[in-house]
Amino acid sequence: MIENTAVKKLLMPNIEQKKIAGASVLIRKNGKIVCDCYYGYANIEKEVPLSCDSIFRLASMTKPVIAIAIMKLQEEGKLDIHDKISHYLPEFSKKKIAGREITILDILNHSSGLGQTPYSTDLYENKVRPENTLSDRVRLISELPLDFQPGEQTGYSPSVAYEVLGRIIEISSNRNLQDFIQINVCDPLGCKDLSFRLTQEQNHRLVQLYEYRNGGLKNVSDTEPFWNLISSFSSGYCSGSAGLLGTIHSYDKIIQMLAKDGITPEGTQYLTKESVRLLSSESAEKHMEMNPGVVWGLGMAIFQAPEKAGRKLGKGTFGWSGAYGTHFFVDKERKLTVILGVNLSNIGGADSFLSKELENVIAEEYAYLGKEEKL
């Protein structure tokens, strides 16, 4: 374990006050690990401590992986991000306002109008059942009303639109989503502990999911509604929106590839530099901010003006978070990459207090250390 006093000082009181069960943090400066720490519990009831091998529910940190998979398929000539989704899923041909159909790009940058308001999201989540396959769920999505004309507004689709991308990956690759991600993303990048479905051995390393309530923590691993909606445990379904599980070290392989313009830690060109540029820069047809100073790349938020968002990040920093507190970012200006592992059901996802406080600590500790060096 490589500790940082300020990071530990942030995390330990939250663990001791039972606001979180545990947390893992991996920080790289100029590509070198400067902090790799893990505190608290993976399982409070059984007193299992968190470790570097603990597996987290990554939730919406699945979306950047799906976006990477789409770019891989585009490089192979199997799809184009400007394609209408009805080219792969004819049932969506009627999903248009004023003649404009939804494209793959619209879904990637959250401007599709699919499941982007509480109304449409609730419609979907009330209809779907745990036993529904990915194909079943996409059929249900095709029946939802659009929240707005594709490409004209933005927001966030937490549980709906990226299911469509998962199905398009299956159709264009002729593989199921689990196999495609394993063979075409995890294996080439060396992500040995990243999957929709865990082996028996991996399942023993899965952290429990807790809810902070009345000054304490309640284990909701088997009862949390969103997890039951997107988990592959019951039906074998793989959620393109939020279904991946993994260690922070495995996910770090993906982060390093993005930080190095598509080159793997072993030096192989996995994605082209142009593909990574598209993933990590503003991608909508017109400028639309999800929050002040923040726009969408492909599956990731881009902090064009972090000061407007109240964040202590370098300009152009990109990354995303999961509903249960997992969080990552790549700050090329400051030569930093960071990933946080937490599983708390009501932590607030991208608005997690812990993610923001960690960013502040990292800004103080590492932002200007060795800035002249290469990432």
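With sequence neighbours excluded, the residues satisfying side-chain contact (heavy atoms from CB on, under 4.5 Å) with Glu76 are Lys72, Leu73, Lys78, Asn184. Residues passing the salt bridge (Lys or Arg N to Asp or Glu O under 4.0 Å) test with Glu289, sequence neighbours excluded: none. With sequence neighbours left out, Trp320 forms a ring-ring contact (aromatic ring centres under 6.0 Å, His included) with Tyr156, Trp296. With sequence neighbours excluded, no residue satisfies ring-ring contact (aromatic ring centres under 6.0 Å, His included) with Phe318. The ring-ring contact (aromatic ring centres under 6.0 Å, His included) test applied to Tyr162 returns His110, not counting sequence neighbours. Residues passing the side-chain contact (heavy atoms from CB on, under 4.5 Å) test with Ser111 are Asp106, Asn109, Met288, sequence neighbours excluded.
For the 3.5 Å distance criterion, the side chains of Tyr366 and Asn4 qualify, holding a donor opposite an acceptor. Remark: the Asp53 side chain and the His249 side chain contain no N/O donor-acceptor pair separated by less than 3.5 Å. Side-chain polar atoms of Ser221 and Asn219 form a donor-acceptor pair below 3.5 angstrom.
Looking at Cys37 and Val7, their side chains come closer than 4.5 Å, going by heavy atoms from C-beta outward. Contact check for Glu163 versus Ile141: side-chain heavy atoms found under the 4.5 Å cut-off. At a threshold of 4.5 Å between non-hydrogen side-chain atoms, the residues Gln304 and His287 count as touching. Residues Lys312 and Glu359 have side chains not in contact (no heavy-atom distance under 4.5 Å, counting atoms from C-beta outward). The shortest distance between side-chain heavy atoms of Met300 and Leu258 falls below 4.5 Å. Residues Leu10 and Leu354 form a side-chain contact, since some pair of their non-hydrogen atoms from C-beta on lies under 4.5 Å apart. Counting heavy atoms from C-beta outward, Ile104 and Ile85 have side chains that approach closer than 4.5 Å. Counting heavy atoms from C-beta on, the side chains of Ile33 and Asp252 never come closer than 4.5 Å.
Taking both residues in full, the closest heavy atoms of Ile302 and Ser281 are given as CD1-N, 3.9 Å, listed atom of the first, atom of the second, then distance. The heavy-atom pair separating Val164 from Phe92 by the smallest distance is CG2-CZ, 3.9 Å. In terms of heavy atoms, Leu245 sits closest to Phe196 at CD1-O, 3.4 Å.
Judged by distance alone, with hydrogens and angles left aside, the side-chain atoms of Gln74 form a donor-acceptor pair with the main-chain N or O of Ile81 at under 3.5 Å. In this structure a side-chain-to-backbone donor-acceptor pair under 3.5 Å is missing from Ser352 to Gly348. Under a 3.5 Å cut-off, the side chain of Ser250 and the backbone N or O of Thr247 do not form any donor-acceptor pair. With hydrogens and angles ignored, the 3.5 Å screen pairs a side-chain donor or acceptor of Gln269 with a backbone N or O of Leu271. Remark: the backbone N or O of Leu114 is paired with a side-chain donor or acceptor of Ser112 at under 3.5 angstrom. Between the side chain of Thr268 and the backbone N or O of Thr264, no donor-acceptor pair lies under 3.5 Å. Formation of a donor-acceptor pair under 3.5 Å by the Glu91 side chain with backbone atoms of Arg139 is not found in this model. With hydrogens and angles ignored, the 3.5 Å screen pairs a side-chain donor or acceptor of Thr62 with a backbone N or O of Leu244. Using modelled atom types, one side-chain atom of Asn176 and one backbone atom of Asp179 make a donor-acceptor pair closer than 3.5 Å. Thr317 contributes no side-chain N or O that, together with a main-chain N or O of Leu313, makes up a donor-acceptor pair within less than 3.5 Å.
None of Arg28, Gln256, Lys260 except one satisfies the side-chain hydrogen bond (donor to acceptor under 3.5 Å, both in side chains) rule with Thr337; the exception is Gln256.
Geometrically, Arg167 does not engage Tyr88 in a cation-pi contact, judged by NZ or CZ lying under 6.0 Å from the ring centre and within 45° of the ring axis.
A distance of 6.5 Å separates CD in Gln208 from CD in Glu45, rounded to the nearest 0.5 Å. Taking CD1 of Ile66 as the start and CZ of Phe180 as the end, the distance is 9.0 Å to the nearest 0.5 Å.
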Exercise. Do Lys286 and Glu152 pass the side-chain contact (heavy atoms from CB on, under 4.5 Å) test, and can you show the C-alpha distance, the side-chain angles, and the key distance before you say yes or no?
Worked result: CA-CA 8 Å; Lys286 63 181 184 179; Glu152 292 299 313; 2.8 Å; yes
For this session: Show your working on side chain to side chain donor-acceptor pair (under 3.5 Å) between Glu125 and Ser159 and close with a plain yes or no.
Result: CA-CA 8 Å; Glu125 293 184 357; Ser159 60; 2.8 Å; yes
For this session: Step by step, work out the side chain to side chain donor-acceptor pair (under 3.5 Å) result for Glu224 and Ser345.
Result: CA-CA 7 Å; Glu224 203 276 326; Ser345 67; 5.3 Å; no
For this session: Show the numbers, then the answer: is there a side-chain contact (heavy atoms from CB on, under 4.5 Å) between Lys315 and Glu333?
Result: CA-CA 7 Å; Lys315 186 176 181 180; Glu333 181 179 291; 3.6 Å; yes
For this session: Check step by step if side chain to side chain donor-acceptor pair (under 3.5 Å) holds for Glu3 and Tyr38.
Result: CA-CA 9 Å; Glu3 294 186 284; Tyr38 28 92; over 6 Å; no
Exercise. How far apart are the C-alpha atoms of Tyr119 and Asp147, what are their side-chain angles, what is the distance that settles it, and do they pass the side chain to side chain donor-acceptor pair (under 3.5 Å) test?
Worked result: CA-CA 9 Å; Tyr119 173 72; Asp147 293 318; over 6 Å; no
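Other residues, nucleotides and ligands contribute only 12 or fewer heavy atoms inside 6.0 Å of the OH atom of Tyr41.
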